[in-house]
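Data block below; observations after.
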Amino acid sequence: MSRLESKASEDSSKTELGSSLNYTLSKSYDSVTEEANWREYWRQHDIYHFDPHDKSRKAFSIDTPPPYPSGDFHVGNALNWCYIDFVARYKRMRGFNVHFPQGWDCHGLPTEVRVEQTFKIRKNDVPPDQFVEMCRKLTGEYIAKMKQSMNLLGISSDWALEYKTMDPSYYKLTQLSFIELFKSGHLYRGEHPVNWCPRDETAIAEAEVVYQERKGTLYYMRFGDPTGGIEIASTRPELLAACVGIAVHPKDEKYKTIVGKTVTVPIFGQKALVISDDEVDPRYGTGAVMICTFGDKTDVRWQMKYHLPVIKALTENGRLSVDDPRFKGLKAEEARKKIVAELQAKGRVSKTETTQQNIGTCWRCQTPVEIISRPQWFMKTRDMTQKVVDWAGKLVWVPPFSKQRLIDWAESLDWDWVISRQRIFATPIPVWYCTKCGTVIVPEESKLPVDPRKDTSPEEKCPECGSSELRGEMDVLDTWMDSSITAAIHAGWPNKSDLFKQLFPADLQPNGLDIVRTWDYYLMVRSLALFGTAPYKTLLINGMVKGTDGRMMHKSYGNYVVADEAIKKAGADAFRQWAAAGGSTGYDIPFRWNELEYGKKFLTKLWNVTRFILANTAESIPQKNLSTLSLIDRWLLGSLHNLTKEVSEAFETFQFNTALEAIRNFTWHALADDYLEAVKHRLQLGRDQADLKATQYCLREALLTICKLLAPICPHMSEAVYHQFPSTATKSVHQESWPEPDQTLDEASIRNGKLLLDLIAHARREKSAKGLSLGSNIKRIVISTEAEHLHLLKENEETILRTLKADSMDLERFPPNSNQAKEPGTGFKVEIVA
Ligand SMILES: [Zn+2]
Ligand SMILES: [Zn+2]
């Protein structure tokens with residue numbers, strides 16, 4: 001970070017700004033107190049209120065991610081919310097009626113697992129109602145914590161729009177969407193193998209399976225005749241009881257003669273059919289593999305393709321369900337050991353090998369997933385792949401590469417989305433069944449919400465067979481079924497009024513790269529099925545935060561930073577600067593304390609500049625008068641115009657780092673280093689009034705513009721500066737209009753002004769090279785330059801003399817083609833006569 005350090009030391013060598021001011025602004029900016037005060041001010045004045053009746057402004061809707069209330073608002077979350085807030089604040093100033101709700105995705109495994117850990121129980125140890133109550137209570141506590149963190153960060157969500165997916169008013173809508181999808185044929189109930197977590201005893205979706213590299217053992221086992229037969233290598237001997245077939249490659253000569261025959265499975269004695277299939281890798285193990293129902297997804301395919309029988313070897317809690325008393329009820333790993341010992345005793349294991357495995361594990365508890373078949377509810381998502389791909393191509397993706405994440409994911413799925421879960425704390429599936437004929441009964445919309453686990457069926461008799469033996473569904477919905485309709489729910493669905501048209505599809509879908517395949521995907525399929533359109537227009541995707549050591553941030557690595565601590569230490573505006581400047585949008589960014597320190601230094605600089613300007617500007621507001629503007633004034637306003645253009649473009653394209661760098665550079669260098677130093681003499685008393693007014697006008701204009709441009713990223717500091725201008729139009733900088741670049745200023749002023757400032761900087765260096773202080777008077781300054789600059793310098797003689805405290809100036813023309821006379825990188829040669 002030498003760049004940052006050099007900037008900081010450069011600053012301290014400058015004349016201290018504001019040393020002569022008599023203004024009451026506190027000398028230093030205390031971020032903790034100031035930020036808390038402004039947050040209270042915003043709350044009291046309801047600055048971020050979305051007005052549904054406002055017809056004068058166009059709505060801008062943000063489908064904010066509803067986080068799992070884990071209580072921990074980590075820096076990754078903080079980065080995500082900073083991005084959202086930058087856009088929300090920018091759009092408000094652009095005149096939009098910004099709809100920025102915040103919700104909480106309460107249901108699901110994480111909360112249940114936490115309750116189990118916190119209270120040291122398993123879900124079935126207490127009655128379901130009591131378990132749900134424990135989940136609700138814990139969730140409430142976590143929400144309060146996270147809300148506090150969001151507030152501390154200065155997030156401008158409209159809390160009047162807060163929602164919780166565990167509220168009956170919300171899950172009523174989840175149930176309604178289920179019924180609509182069921183009636184339109186997008187859902188079905190069936191018995192299909194699904195991924196299953198034996199620890200959590202529930203089905204899980206493909207998106208919830210995390211693949212991990214692990215070491216395993218490959219056992220070479222002899223099937224059939226103990227002396228002949230066939231040798232098969234497998235890492236999962238515990239599944240022998242569920243072995244229903246053996247697969248070999250069609251071109252594998254060794255096995256040609258046994259394809260189509262059956263072989264006896266050792267220990268358990270069932271017959272396994274030998275089939276040949278191109279999918280077999282003849283180089284793996286012995287080239288013959290066992291097919292178990294179900295060891296993995298390939299087994300699922302082969303079972304169906306070759307009409308093999310199904311043997312359920314595992315129970316829902318991952319224990320062996322065979323009849324053999326030696327193995328019944330054993331956990332998979334214990335069963336493996338016992339079965340291997342038994343095989344070895346019979347001389348049926350010829351060798352073992354260590355092997356690297358890519359194992360699917362539960363995203364929540366890291367337990368290896370099994371594949372278990374039982375009745376489940378599914379959404380027909382495989383049929384929608386092409387639609388998802390087509391729609392993905394029509395949307396704006398920031399950064400563009402994130403689009404491919406969604407497409408690749410959609411195309412990789414070979415099973416439908418399993419939406420039922422065998423858990424407790426979740427939205428109940430609004431369905432009853434006739435136990436006689438299996439007819440599915442769904443309630444009327446007016447009866448929602450329902451809980452078929454306790455409520456009686458809305459119909460007394462089965463509409464098909466008249467039986468009164470009806471039972472409620474005990475399974476619940478995947479939590480993504482709650483959170484994948486947020487965009488529509490924000491817009492007021494099922495009420496499709498004007499507001500719905502204004503807010504749906506959402507203008508902005510902001511989330512991390514890690515949930516493109518879940519949240520963005522599920523939102524897309526739900527919305528396509530329910531509304532025939534994508535639920536969002538622009539996707540703003542943030543990367544992940546890396547630790548100070550460059551690795552992904554993780555508690556176990558010791559590189560983990562709690563967002564609250566960082567904010568309390570450096571202030572929210574400094575933290576937000578790290579989020580903006582830390583990297584390009586969509587890429588992973590490292591967490592660096594010195595970036596936060598630099599952010600703080602910048603705020604101190606801006607505070608000091610503000611104090612200086614306030615101390616030196618008249619109470620009346622100076623008006624712009626082009627005729628009194630000097631070249632340097634026009635340069636400043638021209639540069640400000642360019643800055644406004646650059647920052648506006650950066651916000652329009654979500655390049656927050658570009659926006660912030662431009663603002664910081666302008667404030668630090670153009671305004672403080674160059675302009676202020678060049679005009680200090682004009683602020684002194686006894687000078688020309690018109691000249692003074694022009695300088696004051698420029699200073700105020702620059703400061704107010706900076707404070708507006710900075711408002712989306714540093715909302716607290718900008719508000720503090722804004723309130724130093726009593727004549728401003730609104731109660732808050734966040735209700736101000738975004739600055740429009742001034743079109744009347746020309747590029748020539750910027751070019752010539754820069755030349756003049758370069759000369760002044762150059763002469764100052766010469767002065768100090770001679771051992772003279774910047775404030776000391778000098779007799780004469782001799783400037784040699786190109787013929788074309790002479791006129792410009794003559795015109796600005798007064799500025800040059802006053803800034804450099806010189807009595808007179810001599811101008812000389814370089815002889816033609818005498819480049820040697822110039823110092824490298826400048827158009828001048830300067831001589832100081834003391
Ligand atoms: Zn699990
Ligand atoms: Zn029936």
Side-chain angles (χ1 to χ4, degrees), residues 68 70 105-125 131 135 138 182 188-190 193-212 214 294 296-297 314-319 331-333 357-376 415 417-426 429-443 452 456-481 514-515 518 556:
Y68 280 121
S70 61
D105 190 6
C106 307
H107 289 138
L109 264 181
T111 310
E112 288 196 26
V113 172
R114 266 212 185 77
V115 164
E116 290 179 328
Q117 286 165 349
T118 309
F119 300 100
K120 302 207 167 36
I121 52 159
R122 295 301 297 269
K123 65 172 180 178
N124 296 325
D125 294 351
F131 189 77
C135 291
L138 196 71
F182 174 66
Y188 66 96
R189 186 168 187 262
V194 294
N195 291 300
W196 183 273
C197 173
R199 188 233 164 255
D200 297 323
E201 293 178 47
T202 182
I204 58 175
E206 195 56 29
E208 295 166 319
V209 177
V210 178
Y211 288 89
Q212 292 186 356
R214 287 190 188 175
F294 297 98
D296 58 20
K297 281 185 154 185
L314 294 174
T315 60
E316 294 182 359
N317 59 4
R319 290 171 185 270
K331 279 193 170 173
E333 274 186 31
Q357 290 175 284
N358 192 23
I359 292 189
T361 63
C362 168
W363 70 290
R364 194 59 231 168
C365 68
Q366 269 115 53
T367 304
V369 297
E370 297 292 352
I371 293 175
I372 282 190
S373 187
R374 80 187 274 288
Q376 303 278 6
W415 291 357
W417 176 17
V418 54
I419 57 169
S420 47
R421 293 290 181 275
Q422 290 64 49
R423 297 295 306 187
I424 294 172
F425 185 47
I429 297 178
V431 157
W432 282 262
Y433 306 98
C434 168
T435 52
K436 282 251 163 68
C437 72
T439 295
V440 171
I441 299 160
V442 294
T456 50
S457 163
E459 311 277 343
E460 279 179 19
K461 286 189 159 60
C462 168
E464 292 298 321
C465 74
S467 164
S468 53
E469 300 211 352
L470 309 173
R471 64 167 185 87
E473 173 63 271
M474 297 305 284
D475 287 355
V476 291
L477 287 172
D478 178 4
T479 181
W480 289 108
M481 281 291 282
D514 56 334
I515 59 169
T518 47
S556 65

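Whatever order the structure lists them in is the order used to number ligands and atoms, beginning at 1. One is the number of the first residue; the rest follow in order along the sequence.
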Looking at Asp200, pick out the N, O or S atom nearest to the Zn ion (ligand 1) and give its name.
OD2
Do Gln366 and Thr361 meet the criterion of a side-chain donor-acceptor pair at a distance under 3.5 Å?
no
Between Arg471, Glu473, Glu469, which is the residue that forms a side-chain hydrogen bond (donor to acceptor under 3.5 Å, both in side chains) with Tyr433?
Glu473
Can you name the nearest heavy-atom pair linking Asp475 to Gln422, along with the distance?
OD2-NE2, 2.9 Å
Interatomic distance, CH2@Trp363 vs CG@Asn195, rounded to 0.5 Å, equals 14.0 Å
Can you tell me how far CD of Glu459 sits from CD1 of Ile441, rounded to the nearest 0.5 angstrom?
6.0 Å
How about the Zn ion (ligand 2), which protein N, O or S atoms come within less than 2.8 Å?
Cys434 SG, Cys437 SG, Cys462 SG, Cys465 SG
Compute whether any side-chain donor of one residue and acceptor of the other, for Asp478 and Trp417, lie under 3.5 angstrom apart.
yes
